[in-house]
Participant: 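Following this message is one structure expressed as structure tokens.
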Amino acid sequence: MKWEQLISNKRLGQEGRHLERRDDRSEFKRDYDRLIFSAPFRRLQNKTQVFPLPGSVFVHNRLTHSLEVASVGMSLGSDVAQRLKQKHPHLAGTLFEEIGTIVSAACLAHDMGNPPFGHSGEKAIQTFFSEGPGQLLQSKVSSDFWNDLIRFEGNANAFRLLTHRFNGRRAGGFVMTYTMLASIVKYPYASAAGSKKGKFGFFTSEWPTYDAIARELGILRTSSDGEPPRYVRHPLVYLVEAADDICYEIMDIEDAHKLRILGFEETENLLLSFFDEDRQAQIRQRVIEEGVSDEQEKVVYMRSCVIGMLEKLCVEAFVDNEDAILEGRLEGSLIDYIDPRAKAAYKHCTRVSKQKIYNSKPVLDVELSGYKIMDTLMTVLVEAAVHPERYYSQQIIHRFSSQYDIHSDNLETRLQAVVDYISGMTDIFALDIYQKINGISLPIV
């Protein structure tokens, strides 16, 4: 793959059109602005990241997480551009210089397809069809569509959200640039070719769109004709993934300390383990010199040091492995190729997170409640889609926004409308609909 072809400001849905611009924003800055002012992006403020949405203590939600990832992504992309321009002088003065903005925009969009209640929401949609009442529908839909349902993925849903022409929306969805769209597809293959963990990057309905983008950008396809489509990653995916990896792991440690799931000493040890003894001493001395006595503020400072270090190491890993990345040979994430001490510290944080954070009572309570809410919504709304002629089904269908094709004569289209509608909900809206369906609450005029 070649950088000159990989970085394109061609827009999905505006191919061949000449548009007069009235300001000096680059096409990639337009991507960023369209995303940050969009309703689906705003809705991320009411979607769970890991911990319950805030009460008296504020922790991260999908919105704050995405903004932080975008900030780190900007640094990663800009630093990589500077390093690689020295290596490839001919890239100076080209669109390549804007990869910081591209990565940052992709980071804003990377979680937009996640359903309410995070991972438990994904599992609720998957298992409704693979284990629940939805099993009876397998014989009534195509095998490709069935794979999409039982392996529903927030990553693939983000690509659909940005590219699909929903009712009333112009062709090309958000009308994003080809390069930005390719940069969010972390798993560039269809559901039938997905990994053992069920990860894939686009639904069957969006494969033609991704294939057109891949052809335009010169992204390599690794599957043969007749096989489920599979491609190598666009190189900028590695930077988007690194920004996400850095933020969610380190910020979850900070949130866990804030919620007293982790004590200060354990948190300090986790964060300082990224550094050698000399650097640890410098950080402790700086805290003393600055007169920082509040433990949470100490954690904030140590966290910032870790993020800064990991950003630099991931830039080095990308530059050092550029050839393998462009040839589609690099396996794993950039974190796998950083300094051994930092890599070991990161993996240790991951183990602690799984043991003490993701299995903590507040997190499990959200997952249990969220799963029940999502399962109930799936049961009722799918029933309405399968039997739209029934009285109660009609009452449910009237709740759908006009952008969802719930009135289609095609069963698959109606089922997709249900998944689109539910996955676009916020946690609070999903809870509200759940309560109304179950007669727990009534609207007050």
Participant: Compute whether any side-chain donor of one residue and acceptor of the other, for His110 and Asn155, lie under 3.5 angstrom apart.
Facilitator: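 There is no such pair between these side chains.
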
Participant: How long is the span from the CZ atom in Arg165 to the CD atom in Gln403, to the nearest 0.5 Å?
Facilitator: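 It is 13.5 Å, given to the nearest 0.5 Å.
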
Participant: Quick one: pull up OG in Ser423 and CG in Leu161 and give me the separation to the nearest 0.5 Å.
Facilitator: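 Rounded to the nearest 0.5 Å, the OG-CG separation comes to 8.0 Å.
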
Participant: With side chain to side chain donor-acceptor pair (under 3.5 Å) as the criterion, how do Glu249 and Ser353 come out once you've worked through the C-alpha distance, each side chain's angles and the decisive distance to 0.1 Å?
Facilitator: CA-CA 8 Å; Glu249 188 59 68; Ser353 295; 2.6 Å; yes

Participant: Mark yes or no for whether Ser142, through its side chain, and Phe145, through its backbone, hold a donor-acceptor pair below 3.5 Å.
Facilitator: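 Such a contact is found between Ser142 side chain and Phe145 backbone.
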
Participant: Checking side-chain contact (heavy atoms from CB on, under 4.5 Å) against Ile325, which of Val237, Leu330, Leu236 comes through?
Facilitator: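 The side-chain contact (heavy atoms from CB on, under 4.5 Å) with Ile325 is passed solely by Leu330 among Val237, Leu330, Leu236.
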
Participant: Using atom types as modelled and distance alone, determine if a side-chain donor or acceptor of Thr413 lies under 3.5 Å from a backbone N or O of Asp409.
Facilitator: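 Between the backbone of Asp409 and the side chain of Thr413 there is no qualifying donor-acceptor contact (under 3.5 Å).
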
Participant: Sequence neighbours excluded, which residues qualify as side-chain contact (heavy atoms from CB on, under 4.5 Å) partners of Ala212?
Facilitator: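 Applying side-chain contact (heavy atoms from CB on, under 4.5 Å) to Ala212 gives none.
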
Participant: Sequence neighbours left out, what passes side chain to side chain donor-acceptor pair (under 3.5 Å) with Trp207? Give chain and number order.
Facilitator: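 Side chain to side chain donor-acceptor pair (under 3.5 Å) check on Trp207 returns Tyr231.
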
Participant: Enter the distance from Ile397:CD1 to Ile406:CD1 here, rounded to the nearest 0.5 Å.
Facilitator: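 Interatomic distance, Ile397 CD1 to Ile406 CD1, rounded to 0.5 Å: 5.0 Å.
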
Participant: Tell me whether the NZ or CZ atom of Arg11 lies within the 45° cone about the ring axis of Tyr178 and under 6.0 Å from its centre.
Facilitator: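 No - Arg11 does not lie over the ring of Tyr178 by the 6.0 Å and 45° rule.
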
Participant: I'd like to know if the side chain of Asn321 and the backbone of Phe318 have a donor-acceptor N/O pair within less than 3.5 Å.
Facilitator: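 A pair under 3.5 Å: no.
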
Participant: May I ask you to check whether over 12 heavy atoms, not counting those of Lys347, lie within 6.0 Å of atom NZ?
Facilitator: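 Atom NZ in Lys347 is packed in, count exceeds 12.
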
Participant: Any chance CD of Glu331 has more than 12 other-residue heavy atoms, nucleotides or ligands included, within less than 6.0 Å?
Facilitator: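 No, CD of Glu331 has 12 or fewer neighbouring heavy atoms, counting only those of other groups under 6.0 Å.
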
